[in-house]
Number of protein chains: 2
Amino acid sequence: MAPLRVGWQQVDTYGNRRPTMADVAARAGVSRALVSIVFRGEAGASSATRERILRVADELGYRPDSAARLLARDHSRTLGVLLTLHQPFDADLAEAVHPEAEKRGYDILLATNAPGRSERKAVEALLSHRCEALILLGPGSGSTYLDELGRRTVTVSVGRRITGAHVDNVHTAEAKGVRQAMDHLLGLGHRRIVHVDGGRDPGSAERRRAYRAAMRRHGLGDEIRVVPGRQTEEAGAAAARSMLAERRLPTAVLASNDRSALGLMMAFARAGLDVPGDVSVVGYDDSHLSHLMPVGLTTVRQDPARLAEHAVRFAVERLEGEGVAPREAVLDPKLVVRASTGLPRDDA
Amino acid sequence: MAPLRVGWQQVDTYGNRRPTMADVAARAGVSRALVSIVFRGEAGASSATRERILRVADELGYRPDSAARLLARDHSRTLGVLLTLHQPFDADLAEAVHPEAEKRGYDILLATNAPGRSERKAVEALLSHRCEALILLGPGSGSTYLDELGRRTVTVSVGRRITGAHVDNVHTAEAKGVRQAMDHLLGLGHRRIVHVDGGRDPGSAERRRAYRAAMRRHGLGDEIRVVPGRQTEEAGAAAARSMLAERRLPTAVLASNDRSALGLMMAFARAGLDVPGDVSVVGYDDSHLSHLMPVGLTTVRQDPARLAEHAVRFAVERLEGEGVAPREAVLDPKLVVRASTGLPRDDA
DNA sequence: CTGGCCAACTAGAGCGCGCTAGTAGCGTGC
DNA sequence: GCACGCTACTAGCGCGCTCTAGTTGGCCAG
């Protein structure tokens with residue numbers, strides 16, 4: 001005798017089984033396959049039948065089951081996105097990825113890394129859900145792991161350039177952005193320009209390097225000063241406090257991103273310093289806060305929509321084109337001058 | 001003759017099929033069922049076999065397939081979380097939900113609503129992935145829809161109190177928080193206190209009501225003034241500008257949340273006003289920026305960890321306990337006094 | 001020696017879909 | 001008249017797992 005399955009699955013609070021394709025097919029008087037055709041939007045059903053099936057499905061409250069779909073399909077048509085919830089720029093990116101993926105007929109699955117929840121774990125979760133490609137927003141993992149990952153799965157790194165790994169890269173030309181910012185500061189007459197570093201956060205290494213290069217190019221190698229930090233308001237504020245404590249206030253600060261710049265400005269304000277009267281501040285990202293700040297923040301704009309567009313395109317083209325090699329897209333950033341930068345103070 | 005499946009599924013960039021339980025079983029010389037038992041951590045395998053299976057799985061790089069698992073299981077043990085990426089408080093909550101769910105053996109699936117991507121769509125996505133319960137962070141949908149949803153699926157609303165719908169509610173005692181804030185302001189001698197509203201954003205209605213009640217209770221019914229807004233920095237700044245334009249500056253402003261308060265403070269600063277010298281500002285949430293602000297923000301603290309804990313507990317208990325009715329948890333907020341509030345200016 | 005019990009393990013249906021191979025029915029051209 | 005093509009539809013396997021209902025073998029009591 002056939003074994004009977006006792007526990008029924010997927011019941012609502014009334015104990016009703018949730019309807020499946022078979023239910024719709026039975027009620028519409030057609031085969032399951034035809035319902036499948038209709039729901040996939042494929043050719044092969046007359047418009048009359050199509051409408052009837054959709055009507056019946058609606059009556060029953062039928063919704064396709066992603067789990068079953070994922071399992072049965074040759075291609076899951078799902079992109080996994082890894083982000084850090086607390087990075088507003090990641091939110092901008094993730095939001096831009098959505099419509100871009102939809103346009104190409106792909107679904108999105110989100111996973112987050114947070115303190116206590118490692119990036120690897122989040123990636124494993126995405127892969128276990130059959131994501132065909134991964135879009136990693138500012139991944140923190142080492143390039144060895146990412147290389148391994150990139151060979152298993154189509155992988156795109158956004159906002160952090162991964163060298164020597166089998167992954168697509170999409171990022172802005174950090175060096176170019178920093179150079180614009182530095183030229184702007186140097187043009188105003190600043191010499192004692194400090195860089196508040198972003199530590200291991202995405203883009204930081206490139207920005208730091210570009211700062212150093214710009215200083216040297218202008219014969220200011222001796223003035224190079226990098227204050228350690230991270231891409232958070234807290235770190236920016238801490239950096240400001242440490243500069244104040246050391247009584248070595250520069251005339252200008254180039255922050256690793258807007259959040260750090262925001263922290264800097266807040267701490268300077270607390271100390272009674274005027275921006276840009278006493279010290280100029282430049283950020284990076286052009287987050288939505290930059291133009292709201294009491295003193296509008298001069299910053300380097302990155303365009304999340306275009307970054308997202310390239311990321312999705314790279315992923316999809318590599319999934320669909322046979323044997324396409326990983327590529328790199330480098331977008332041009334643009335300096336946005338607002339009120340947080342001005343002439344150096346007199347005593348300097 | 002049996003039809004042959006041509007397209008193989010889930011291949012890596014080398015064209016290798018990803019290993020399944022059957023592969024592990026074959027290599028370890030056991031049945032698939034036993035591998036399943038081991039990976040589910042159930043009793044019924046000797047520790048020697050257990051270790052061997054895990055070793056073989058590791059050698060092959062086997063990872064369980066969530067899609068298949070979801071499909072086969074009686075209970076998916078998956079909670080769907082809906083959030084707004086751009087709300088930092090949602091990020092705090094979502095981050096706190098994760099470990100709480102894990103502790104109870106549940107998985108998390110994230111979905112976001114964004115401009116252009118409706119909440120319903122996000123919810124449908126979660127349901128299609130077989131989430132057993134939904135944890136909605138500040139849901140924006142109407143109670144009719146949420147009621148319908150709550151009867152189909154175990155649903156918890158966090159941060160927004162939904163009345164008359166079959167859902168669990170977890171939120172702070174908004175009235176109590178606002179009352180504390182108002183008592184603080186009134187105690188300082190403020191009378192002309194304006195509320196900058198959060199519009200339809202979560203918690204706004206309760207906060208607005210509590211503001212009105214507090215004003216009336218102190219015989220200040222005539223002074224009640226609600227400036228429309230939203231829970232964003234932009235809206236706060238706009239509200240500040242409109243107050244300045246009307247030349248009717250209150251002595252204190254109670255904002256709907258910290259983001260709005262931040263916008264207010266920035267706009268006031270731009271206008272050359274001193275906080276709290278010219279105007280006091282109170283926020284809501286106690287986001288991590290509150291204590292970094294140039295002038296520390298007086299605000300009402302909500303504890304995201306405790307909110308998350310209750311939300312997960314409600315969901316899980318209702319899933320596992322038969323016929324448990326939806327409940328409500330109301331957590332006590334706490335006023336945190338910092339530097340953004342002080343005595344009313346003299347002319348008032 | 002027999003029977004019973006338990007721990008360790010296996011067989012195989014089925015979750016809800018996608019997809020290939022097939023069929024039925026109906027013009028259409030010669 | 002028949003071959004042909006085309007549209008509209010169906011049959012049924014298999015995706016990788018879970019889970020019920022077994023089976024097997026070893027050990028011990030009677």
Side-chain angles (χ1 to χ4, degrees), chain A residues 1-11 17-26 28-53 57 60 62-78 127-130, chain B residues 1-11 17-26 28-53 57 60 62-78 127-130:
Chain A
M1 192 180 149
L4 268 182
R5 191 69 168 274
V6 193
W8 25 226
Q9 305 173 279
Q10 292 288 325
V11 296
R17 217 185 83 263
R18 99 176 209 179
T20 72
M21 267 193 174
D23 298 321
V24 177
V30 296
S31 69
R32 267 188 338 96
L34 197 57
V35 179
S36 172
I37 283 171
V38 169
F39 269 86
R40 276 177 290 143
E42 290 215 339
S46 70
S47 56
T49 322
R50 201 172 285 271
E51 272 174 43
R52 181 159 43 92
I53 288 175
L60 294 178
Y62 168 76
R63 309 262 165 243
D65 182 320
S66 301
R69 207 168 225 194
L70 244 38
L71 189 60
R73 274 200 288 204
D74 285 1
H75 297 285
S76 67
R77 296 191 77 80
T78 303
L127 289 178
S128 82
H129 281 284
R130 298 194 160 220
Chain B
M1 191 181 147
L4 267 183
R5 192 67 168 270
V6 194
W8 23 229
Q9 305 174 280
Q10 291 290 325
V11 296
R17 218 184 83 263
R18 99 177 210 181
T20 72
M21 267 193 174
D23 299 321
V24 177
V30 295
S31 68
R32 271 185 331 99
L34 197 58
V35 180
S36 173
I37 284 171
V38 169
F39 269 87
R40 275 176 292 144
E42 291 214 338
S46 71
S47 56
T49 322
R50 201 173 285 271
E51 273 173 43
R52 182 160 42 93
I53 288 175
L60 294 179
Y62 168 77
R63 310 262 166 242
D65 182 320
S66 301
R69 199 167 235 193
L70 244 39
L71 188 60
R73 274 202 286 205
D74 285 1
H75 297 286
S76 67
R77 296 191 77 81
T78 303
L127 289 178
S128 81
H129 280 283
R130 298 195 159 220

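This one's a predicted model, so the numbers in the text were calculated from it and none came from an experiment.
For the OP1/OP2 pair of D:dA8 and a distance below 4.0 Å, the side-chain nitrogens and oxygens of A:S46 include no atom meeting the criterion.
Counting to the nearest Å, the C1' atom of C:dC15 and the NE2 atom of B:H129 are 16 Å from each other. Atom CZ in A:F39 sits about 12 Å away from atom C1' in C:dC17, given to the nearest Å. Between the CZ atom of A:R73 and the P atom of C:dC19 there is a distance of 7 Å, rounded to whole Å. Spacing between atom CZ of A:R40 and atom P of D:dC9 amounts to 15 Å, rounded to whole angstrom units. In this structure, A:R69 atom CZ and D:dC17 atom P are separated by 21 Å, rounded to whole Å. The nearest whole Å value for the distance from the CG atom in B:L34 to the C1' atom in C:dG12 is 16 Å.
Looking at heavy-atom distances under 4.0 Å, A:R77 makes no contact with the nucleic acid at all.
Along DNA chain D, the nucleotide nearest to A:A45 and the one nearest to A:R32 differ in position, and the one closer to the 5' end is contacted by A:A45. Comparing B:T20 and A:T49 by the nucleotide of DNA chain D whose heavy atom lies nearest to each, the residue mapping closer to the 5' end is A:T49.
Nearest heavy-atom pair, A:M21 versus A:F39, reported as atom, atom and distance to 0.1 Å: CE-CB, 4.4 Å.
Side chain of B:R130 to backbone of A:A67: no donor-acceptor contact under 3.5 angstrom is found.
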